[in-house]
Each structure stands twice: as C-alpha cells, then as structure tokens.
Protein chains: 4
Amino acid sequence: METTDNKRGASRRRQVVEAALRCFEENGFHKTSMAEISEAAGMSVGHIYHYFPGKEALIAAIVELHVDQAFEHMNEAARQKGTLYDVLLVRVCEHLDKAKRIKDRAAYFEVLAECERNPKIRDIIHKADVRMMERQRELFRELEPTAAQLSDAEIDARLETFNALLLGLIRRDLTDDGACDELLRQTVERVLLYLIKG
Amino acid sequence: METTDNKRGASRRRQVVEAALRCFEENGFHKTSMAEISEAAGMSVGHIYHYFPGKEALIAAIVELHVDQAFEHMNEAARQKGTLYDVLLVRVCEHLDKAKRIKDRAAYFEVLAECERNPKIRDIIHKADVRMMERQRELFRELEPTAAQLSDAEIDARLETFNALLLGLIRRDLTDDGACDELLRQTVERVLLYLIKG
Amino acid sequence: METTDNKRGASRRRQVVEAALRCFEENGFHKTSMAEISEAAGMSVGHIYHYFPGKEALIAAIVELHVDQAFEHMNEAARQKGTLYDVLLVRVCEHLDKAKRIKDRAAYFEVLAECERNPKIRDIIHKADVRMMERQRELFRELEPTAAQLSDAEIDARLETFNALLLGLIRRDLTDDGACDELLRQTVERVLLYLIKG
Amino acid sequence: METTDNKRGASRRRQVVEAALRCFEENGFHKTSMAEISEAAGMSVGHIYHYFPGKEALIAAIVELHVDQAFEHMNEAARQKGTLYDVLLVRVCEHLDKAKRIKDRAAYFEVLAECERNPKIRDIIHKADVRMMERQRELFRELEPTAAQLSDAEIDARLETFNALLLGLIRRDLTDDGACDELLRQTVERVLLYLIKG
DNA sequence: TATGAATGAGCATTCATTCAT
DNA sequence: TATGAATGAATGCTCATTCAT
C-alpha cells in the first residue's frame, strides 16, 4: 500500500516537475502561471499544491534537476576512464551545444538571476557548486599526473577559471558560421589544456 | 526656450532611469512595479509614461546604460596606451569586482535572461556585442605586435574566449578568502596572457 | 457530479450576466467597471474571469440575451396563430413600450453603437438580423394570403421597412401626452397594414 | 482688435471641433483621448481647455453641428420649392446614403446612446427635435394641399412616423445588392407618399 | 487523492484635467 | 494666447494560493 502510494506520489511529482520544466523553458519562470503548469501536467491547480508548497518549490525542484544532471554527466564522463582533459572536454561540448538552443540559454540565465534574489535557490546552487568543485578536484588528483605538485587552492583556481569559461560560453553571440565555431572550440580546448597542464 | 525644455526633459528622463535602476537592482525587473519606480523617482506614475512608453522601455534604457558603460570603460583603458594585456586586464578587474556585489551579479543575469525572451533587449545586447567585438579586434591589431600573423577569425576566437571567461567570472561562488581570490586572479591573468600571445 | 457542476457553473454565469445587465443598464457599457459588476454579482473580480474571458464577452452575452429575447417574443406571438398583422403588431407594441423606459432606449443605442465599432458584437447582431429576417419572411408567407403574389425580395423590402420603422420608434421624443401617443400608434398601425397588404 | 481676436478665437474653436469630429468618427467618443484631439487639431492639450470646458463640451459641440446640418439640409430642400414629398425624399436619400458609411452610422448611434445618459446632450437633441418637428409641420402646412383638413396632432403623428422610419433606415443590414437596395427605396417612398397623402 | 471554484491584492497602463510658465 | 509637464484616480486583467467538496 504505502509503497504503491509512494511510487504513485513520486510519479505524480515527476509529472508536475516535467510539465513545469516544459512551461518554464517555453516562457520563463515569471511568465508561467500555475494554471499553465496544471494544464501541461494534466492535473488540477489545487492538486499541484498537494505535492509542492508553491511555485517557488517547483522552481527549486527544477534547479535541482539541472544541477544533478550536470553532476551526473560529469561523473559519467569520468567513468569512461580517460584523461582529465577528456572528462572536462565533455563539459565544454555540452555547453557549446547548450549555447545553440535558446531555451537552454534562457533557462540557464533565469536560474542564475533567480539565484541572486532567492535564498532557497541560492542555497541549492551553492551546495551544487561545492559538490561539483569537490568532485572536480578529486578527478583532477585522480586523473591528472601533474596534480601531485599542486596545492588544493591552485587546483581550485584552475577549475574555477575553467567553470567560469564554461558558463560564459553559453551566452556567446551565435553565428551560423561553422568555421568560426570550430576555431572557438579549438581555442577553448587549448585554454583547457593550458589550465590542466599549467 | 527649446534648450531649457530639452534640458529639463533630459533631466527628468535621467531621474526616472536612475530611480528604475535603483529599484531594479534592489528587487529585479519583475518584482519592481511602476508604482515603486514612480515613488523612487519622486514623480507620478502617469508622468513616467510621458517620458517612456512602458516598463519595457525603462529596462531597455538601463540595459543601454550598462552596455555603453562597459564600452566606455574599455575605451578609457585603451586611452592609457598600455599593452593589450593592460587594457583587457582592466576588464578582468572590473568583472572580479562586480562578482563581489550581489546587485551587480543579479542585474547582470537578469539582463541576460531578459535578452533571451525579449527581442528588443536582445537587439540592444546584440548590437553592443558587435560593437564591442569590433573595438576589441581593432585594439588587438593596434596594440599587440604579434597580431600581424593572425587572421581576423583567429583574433575573434581568442576574444570570444576571453569575453566568455569574463562573464563566467561574475557568478563565481564568492569566498571571503583573499588568498583564494588572489590565486584565481593570477590564473585568469595567465589565461589572458596565453590568449593574447598564443 | 457533472450535472451539478454544470448547473452550478451555468447559475454562476447567469448571476454574472444579470449583474452586468443591471450595471450596463444603469450606467452604460463604458462607465461600468468590472469592479462594479463583481460587486453587483457578489463575486470577486477575478472569478468573473473564470467564466468570461473579459468585459467584451460580457457585453456579447448580454447582446445575445437581447436578440434571443426579441426572436422568442416574435415566435411566441406567431404561436398565437393570428394574422401576420397581429404578429407584427406585437413587436410594435413592445417597441413603443421600450421607448418609454430610458434604460431600454439607452441599452438599445449603446448596443448599436458598439456594433459599429466592435466586430464581435457586429457579428452577433448580423447573425441575429439574418435569423430574424428569415423567420419574418417565413411568417409572411405562412400567415399572409396575399404573399403568394410577392417575390422574396419584395417581402424583404417590406419587412426591412417595417423593422426600420420599429427601431426608429425607440428614440421618439417622449411626451406624456397619451392622445399624441395614441395617434402615433394608429399611424404606425396603418403603415404596418399598408406594408402587409401593399 | 476685438473683432480680430473674436475671429481668431472662432477659427481656433472650429479647428478643435473639426479635429474632434475626425477623431470621434474614427474611434468613437470613448476611445478618443484629449491627447489625440490635441494632436489632430495641432494645438496643445491645455489650450483646448481654453476654448472648451472639457471633453463633454466637445461632444456637445459636435452634436450641435450634426443637428444644425440636418436642419439646414431640410431647409435647403424646402427652398427648392417642390412638393412636400420632394422635400422629405431628400432626407430619405441622405439617410440611405449615411447608412452606407460605417463612420456615419457609428457616429449616429453613439450620439443617441450618449443622449440617453448625458443630460446636456439630451437637451441639445431634444431642442433640435422640437425645432425640426416645428419646421416640418410648417412645411407640411405650406407645401401639402391636403394638410388643411388635418389637425396638428395628426400631422405630428405622421411626421414622427416618418422620422422614426428615417432613423431606422440607418442601421439596415447592408447588402451590396443594388436591386434589393432599389426595392427598399421604392417601398420607403411609397410609405412616405402614404404618410403624406394618408 | 483530486477538483476547480473562489479570492483579492497587485499590476501596467490610460486619461481628463490642472497649472506654472 | 499657448504650452506641455504633472497629477493620481481609475481600469481591465492576472495569478498564486486556499478551501469546500
């Protein structure tokens, strides 16, 4: 009974989160009403409040979805057991791809904007940042032979620089020019190599 | 007298823009009402509409203020007639400073989020991007001796990488740890040098 | 229970329409605010929007109420199985009565004014006109023996003339003079007879 | 001096009234703002208030324009020294023409709607009605030989019927069908003759 | 668990009118 | 005579949230 209920509950929750995700991507947090989400989820407005205390909680759930995915993707890349460069390159590619989809860009910056105003979102993002940085540091030490000579602080500085670059790539002014794109990718890869090898 | 009137009008407009800026920084675009702006500007709600066709125009005015400032700051740095490194370093410092002020961070990402949903804002940002990139390319060729061997595309790729890094620095997870800050700054500076000199 | 809900919904809708009708009659479309209607309906402003997409829809609903009533009244008269003259005379009496009540006159002309500017209202009125004319033509052929010798176009011209006269009677300058009223009524009746019999 | 000023003033007043007329015809009373009128008149908003105490006064001025024109047109027709039928037929033609121009129809019904709510407008219309009826009665007695046997009340009843028919013709459902139009015109003319000759 | 009716504060915007110049 | 800056109440409409069923 309880198990069934929990399962059903979890599925219903997911249903709502996914509907919210779709709506938010389409129109942004602020222009999406609970009514729209309820329609997209095929669930009454009131019932959404059974699962989530409010709109903000929906935003939080989606932000967590995002950061969990990012973490998971990196871990997956790490599981392939390549070099550190290989692992981080996956993230570069992901970001360059995201930069091409307007919905992804919009969602990204909306989350960051929200994060600055909304303590709950900030908290989620902050924790995700810490977790991500720790995992990246681990990977640095595990996978990069030259890491032995580096302090944690030194590694962190390099990773922070890398992560900053990643984020910034999202908002690149998009050109359809493939050559230009390719050149940018090469430059970023060289910087990545430079950051890893010093 | 036309001059007087123009002056008065311009001053009133500035009054509104500045009030809006303060409100937006405090609470963000979406949570700032025209009533709040009118109060902050010491002007009736209706009269704001005498100078601006709507809230969106206020956002646009402020975004233009921001991008103009960024451009101007870079030009100022260029006027000091140092190396390209010196000029671009100024921007790094500015961004690392901005990263420390929550209002600046928030404003930054709110603008970027708005830019993805709102064509008018997108247009402003896009034009500013083009202008900025062109000026940076000029400076690269003017100030950097090694530029002679580089194609425009190559220079653009490096500058785009630099600009991406800059933007990403804004959202760095802030630590009060000065040492950490210093290390990051050094790392970024080394990347900057690497991007300039290849 | 669907039936219950539908009933409740329909009843709430009626409640709003009736409140709107009262307000509009009292002050006209343009000087009636949604807040007033909401108060008159004993329902929150927001909830009115649950049932009607906007103020215009309220106007439309009321216009439809009016035209349906007019059609129904004529049909009722027709059911009494008198002559065509009897049936149309009922409409004359109704209009002369309406002409005496300021609210009815005002509502009448407000609808017609709205109809010229507002395509949705125009559409309703136009459809009602067509329906009414067709029904009148039917009745003409059914009830009036001399109709056999007349073309549809001829009948339509007479009915249009009759309907124009009807409408015009609404705005007669009202005198309390019963004699005058009686004389007018007789004159109109003679014209009606002339229109029917040629 | 004074004459000049008066002339100038009258011309300015006319300028405003004409601008208002254009705006009202285009968008109706309620959707025309003083700002629009001021622009159309090439005069500042504030200055309009120098000549007219408010928007309502502009409406009144325009209503007076309309009723004066109608009266003048009828007098003009009377000056041609034809039969009563000829004189009144001119009005029929005018109304059938008006019925074809949406702006005229709209203006007509807007005035009538306003008339029911607004005592000042009502007063203007009422006085115009009285004046018109008296003039028509005069013409009836002057031009129609058979009038001698009729009481004033009888004549009034016929004229009122005629005027009602006229008004009603304005809102006829417009068809582009010329034949239909022609048939209607004939029917109305027959009714007119019937009303004159009894 | 599920519905959707109901609330009412909040919002951007409009506009007739006033008034200092 | 002429301007247009300035007001601020009013309007139609939205929406997160609650609650009776």
Side-chain angles (χ1 to χ4, degrees), chain A residues 4-5 8-9 12 30-39 41-58, chain B residues 1-2 4-5 8-9 11-13 30-39 41-58, chain C residues 1-2 4-5 8-9 11-13 30-39 41-58, chain D residues 4-5 8-9 12 30-39 41-58:
Chain A
T4 317
D5 285 9
R8 177 156 179 75
R12 288 299 249 165
H30 301 285
K31 286 189 182 162
T32 297
S33 67
M34 292 299 280
E36 280 169 303
I37 297 172
S38 106
E39 196 182 14
M43 188 184 301
S44 74
V45 189
H47 202 43
I48 291 181
Y49 283 83
H50 188 75
Y51 293 107
F52 296 89
K55 197 184 179 182
E56 189 187 53
L58 242 24
Chain B
M1 206 123 294
E2 202 180 75
T4 317
D5 288 8
R8 180 158 179 78
S11 142
R12 288 300 250 163
R13 275 184 68 97
H30 300 285
K31 286 189 181 160
T32 297
S33 69
M34 290 301 279
E36 281 168 310
I37 296 172
S38 106
E39 197 179 11
M43 189 184 300
S44 73
V45 187
H47 201 43
I48 293 182
Y49 285 84
H50 197 74
Y51 293 107
F52 295 90
K55 197 183 178 184
E56 191 188 48
L58 244 23
Chain C
M1 207 125 291
E2 200 179 76
T4 318
D5 286 8
R8 178 157 182 79
S11 139
R12 288 299 247 164
R13 275 185 70 98
H30 299 284
K31 286 189 181 160
T32 297
S33 69
M34 291 300 280
E36 280 169 311
I37 296 172
S38 105
E39 197 180 13
M43 188 184 302
S44 74
V45 186
H47 202 42
I48 292 181
Y49 285 85
H50 197 75
Y51 294 105
F52 296 89
K55 197 182 177 184
E56 190 188 47
L58 243 24
Chain D
T4 317
D5 285 8
R8 178 157 177 77
R12 290 297 252 163
H30 300 286
K31 285 187 181 163
T32 297
S33 68
M34 291 300 278
E36 280 169 305
I37 296 172
S38 108
E39 196 182 15
M43 188 185 300
S44 75
V45 189
H47 203 43
I48 292 182
Y49 283 85
H50 187 75
Y51 294 109
F52 296 89
K55 196 182 178 183
E56 190 187 50
L58 280 174

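Note on naming: letters A, B, ... go to the chains in the order of the sequence lines (proteins, then strands), and numbering restarts at 1 for each one.
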Open item on the list: Let's see if you can work this out: which of E:dA16, E:dT13, E:dT3 has an atom nearest to the side-chain heavy atoms of A:S44?
Closed with: E:dT3
Task: Note, A:R12 side chain near A:H50 side chain (heavy atom, < 4.5 Å) - done: no
TODO: Map C:T32 and A:H30 onto DNA chain F by nearest heavy atom, then report which one ends up closer to the 5' terminus.
DONE: C:T32
- [ ] Please tell me which of C:K31 and D:I48 maps to the more 5' nucleotide of DNA chain F, matching each residue to the nucleotide holding its nearest heavy atom.
- [x] D:I48
Task: Residue B:H47, side-chain atoms from C-beta onward, closest of F:dA6, F:dT3, E:dT13 - done: F:dA6
Open item on the list: Rounding to an integer number of Å, can you tell me how far D:F52 CZ sits from F:dA2 C1'?
Closed with: 16 Å
- [ ] Counting Watson-Crick and G-U wobble pairs only, both distances under 3.5 Å, name the nucleotide matched with E:dA20, or none.
- [x] F:dT3
Task: Nearest heavy atoms of D:K55 and D:T32, plus distance in Å - done: NZ-O, 2.7 Å
TODO: May I have the distance from A:E39 (atom CD) to F:dC15 (atom P), rounded to whole angstrom?
DONE: 13 Å
Task: Rounded distance [0.5 Å steps], CD1 in B:I37 versus CG in B:L58 - done: 5.0 Å
Task: 5' precedence on DNA chain E between B:M34 and C:V45 (nearest-nucleotide basis) - done: C:V45
- [ ] Rounded off to whole Å, could you give me the OH-to-P distance for the C:Y49 and F:dC13 pair?
- [x] 4 Å
- [ ] Please determine, for the side chain of D:R12, which listed nucleotide (F:dT3, F:dA6, E:dT3) has the closest atom?
- [x] F:dT3
- [ ] Grab the OH-P distance between D:Y51 and E:dA16 for me, whole Å please.
- [x] 20 Å
Task: Separation of E:dG8 C1' from C:I37 CD1 (nearest whole Å) - done: 17 Å
TODO: Select base, sugar-phosphate, or nothing to describe what C:S38 touches, counting heavy atoms under 4.0 Å on all strands.
DONE: nothing
Open item on the list: Distance check needed: F:dG4 P versus B:R8 CZ, whole Å only.
Closed with: 14 Å
- [ ] Please report, rounded to the nearest Å, how far the C1' atom of E:dG10 is from the NZ atom of B:K55.
- [x] 11 Å
Task: Residue pair C:S38 / C:S44: nearest heavy atoms and the distance that separates them - done: CB-C, 3.9 Å
Open item on the list: Taking C:S33's backbone N and O only, do any of them form a donor-acceptor pair with C:E36's side chain (distance below 3.5 Å, no angle check)?
Closed with: yes
